[in-house]
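Let me begin by presenting the structure, written as structure tokens, before commenting on it.
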There are 2 protein chains.
Amino acid sequence: MTNEQVVRPNIMAVLEDRGYRSTNSRRSIVHILEDKGSGFTAEEIGRELPSVGRATIFRTLKLLLEMGVICRLNLPDGPPKYSLSRVEHHHHTVCVVCGNVGEFRAATIERLMRTLSNEIPGDVIGHRIELYITCDLCSKENTN
Amino acid sequence: MTNEQVVRPNIMAVLEDRGYRSTNSRRSIVHILEDKGSGFTAEEIGRELPSVGRATIFRTLKLLLEMGVICRLNLPDGPPKYSLSRVEHHHHTVCVVCGNVGEFRAATIERLMRTLSNEIPGDVIGHRIELYITCDLCSKENTN
DNA sequence: GTTAGTCATGGTACTTAGTATCATTAATAT
DNA sequence: ATATTAATGATACTAAGTACCATGACTAAC
């Protein structure tokens, strides 16, 4: 696991580079994403931007997903959560108590996946790894 | 990756051992699950059992999920798919073309996860790994 | 085997994440 | 400044799943 500086792209610039327009709604959604960083739901964003239509929120999230700027995480229960992606490939931790989402990188996993792909029938083109944890905060609260 | 014989529990027995009743609906649902094995959707089961109420299908799937008899797999798109679990811990491959779901085991992964948990903040209590592949059948069809 | 109690069922209405449609509005290119 | 076209918000819809509730089916105890 590494802890190097997280490099994030200028999201609006990425959108514009792909020919998408820089609109008020998109800017305010992106602004909130950058503020929250990780573990936010679509509904949450909608609540903070009542002037922006629900459809637009989902449309924008979908766009950003396709561009790889954010990722969606399906939790065992509750609505899916979105997180800003690192530029680099990464994986997620989810606290099963509070639902907080974290990110980590581990070169060992990637090396292992390459090895594994020899033993899997078919061509491995991607993978997704989620670690379910109880985060430090939640285990502390439990012992109090 | 291992290929040993898949050991499956007697699902109805497991249900009854937990105090749940052996009803017609449950038996017919379980029967279909055992027939399909993996990669089926809730809707699919409902279609094959028009006499069983939709609610009952979801109720039963939920029960089986809680008991660990089946697992739910959220695909990048399309409805979630359910699979009979092996008794043993395992992971899934999903073909991104046809959506077929496979299972595999890899002790290396489990060992790696244990190592990794030292580097992750909080207590790791579980993990989920999905490999996205194009299965042999689909890559063949593409080259034809 | 009958019965009593309770669990499970099917039907229906609801919730929630996300999408389709469409007339109006705003961003861009010229 | 204007024409073009993309994006928007509103609304209605779909689809996975759940809540509710009166009726029916299991099981246990007799």
Side-chain angles (χ1 to χ4, degrees), chain A residues 11-33 36 39-67 69-83 99 101, chain B residues 11-33 36 39-67 69-83 99 101:
Chain A
I11 300 179
M12 285 315 296
V14 174
L15 272 167
E16 289 179 67
D17 285 353
R18 302 220 186 177
Y20 294 108
R21 292 182 179 174
S22 168
T23 69
N24 278 321
S25 303
R26 283 182 184 152
R27 273 192 300 271
S28 43
I29 291 171
V30 165
H31 189 252
I32 291 204
L33 302 202
K36 300 213 173 256
F40 46 84
T41 64
E43 196 266 330
E44 224 172 294
I45 295 165
R47 219 174 21 220
E48 298 201 21
L49 292 174
S51 60
V52 175
R54 226 174 65 90
T56 300
I57 304 223
F58 282 106
R59 272 191 287 245
T60 306
L61 287 177
K62 196 181 184 184
L63 252 184
L64 297 176
L65 266 176
E66 280 161 8
M67 305 188 337
V69 169
I70 59 174
C71 31
R72 176 173 41 205
L73 202 46
N74 288 304
L75 310 183
D77 48 33
K81 291 198 171 189
Y82 298 84
S83 301
V101 174
Chain B
I11 300 179
M12 284 317 294
V14 175
L15 270 168
E16 289 179 65
D17 285 353
R18 302 219 185 177
Y20 294 107
R21 292 183 177 172
S22 168
T23 70
N24 278 321
S25 303
R26 283 182 184 154
R27 272 192 301 271
S28 44
I29 292 171
V30 165
H31 190 252
I32 291 202
L33 300 203
K36 300 215 173 254
F40 46 84
T41 64
E43 196 266 331
E44 224 171 295
I45 295 165
R47 218 173 24 221
E48 298 201 21
L49 292 174
S51 60
V52 176
R54 226 173 64 89
T56 300
I57 305 226
F58 282 108
R59 271 191 289 244
T60 305
L61 288 178
K62 196 181 183 183
L63 252 185
L64 298 176
L65 267 176
E66 280 161 8
M67 305 187 338
V69 169
I70 59 173
C71 31
R72 177 174 40 204
L73 202 46
N74 288 304
L75 310 182
D77 48 34
K81 292 199 169 186
Y82 298 84
S83 300
V101 174

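Because the structure is a prediction, the values reported are computed rather than measured. A note on names: the letters A, B, ... follow the listed sequences, proteins ahead of strands, and every chain is numbered from 1.
Taking atom CG of Leu61(A) as the reference point, atom P of dA7(D) lies 16 Å away to the nearest angstrom. Atom C1' of nucleotide dG18(C) and atom CD1 of Ile70(A) are separated by 14 Å, given to the nearest angstrom. Whole-Å rounding puts the Asp77(A) CG to dT18(D) C1' distance at 13 Å. With rounding to whole Å, Arg26(B) atom CZ is found 14 Å from dG24(D) atom C1'. Taking atom CG of residue Leu64(A) and atom P of nucleotide dG18(C), one finds them 14 Å apart after rounding to whole Å. The distance from atom CG of Leu63(B) to atom C1' of dC7(C) is 12 Å, rounded to the nearest whole Å. Here dA7(D) presents its C1' atom at 12 Å from CZ of Arg27(A), a figure rounded to the nearest Å.
Results of the side-chain contact (heavy atoms from CB on, under 4.5 Å) test with Ser28(A) over Val52(A), Thr60(A), Ile45(A) single out Val52(A) as the only residue that passes.
Under 4.0 angstrom from either OP1 or OP2 of dA7(D) there lies no side-chain N or O belonging to Asn24(A). Remark: Ser25(B) is in phosphate contact with dG10(C), judged by side-chain N or O atoms under 4.0 Å from OP1 or OP2.
Nucleotides of DNA chain D nearest to Asn74(B) and Ile57(A) differ in position, and the one nearer the 5' end is that of Ile57(A).
Residue pairs meeting the side chain to side chain donor-acceptor pair (under 3.5 Å) criterion with at least one member in residues 46-55 of chain B, sequence neighbours excluded: Lys36(B)-Glu48(B), Glu43(B)-Arg47(B).
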Close N/O contacts between protein and nucleotides 19-22 of chain C (under 3.5 Å):
none

For nucleotides 23-25 of chain C, give me every protein contact, N/O to N/O, under 3.5 Å, one pair per line with atom names.
none

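Minimum atom distance to the side chain of Arg72(A) is reached by dG18(C), of the listed dT9(C), dG18(C), dA16(D).
Looking only at side-chain heavy atoms (C-beta outward), Leu64(A) and Val14(A) stay at 4.5 Å or farther from each other.
Within 6.0 Å of CZ on Phe58(A) lie more than 12 heavy atoms contributed by other residues, nucleotides or ligands.
One finds the OG atom of Ser83(B) at 8.5 Å from the CD1 atom of Ile70(B) (value rounded to the nearest 0.5 Å).
At a non-hydrogen distance threshold of 4.0 Å, Arg21(B), Ser22(B) from residues 13-23 of chain B come into contact with DNA chain D. Residues from residues 45-53 of chain A that place a heavy atom under 4.0 Å from any atom of DNA chain D, listed by number: Ser51(A), Val52(A), Gly53(A).
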Problem set entry | Which nucleotides of DNA chain D pair, in dot-bracket form (Watson-Crick or G-U under 3.5 Å, | meaning another strand) | ||||||||||||||||||||||||||||||
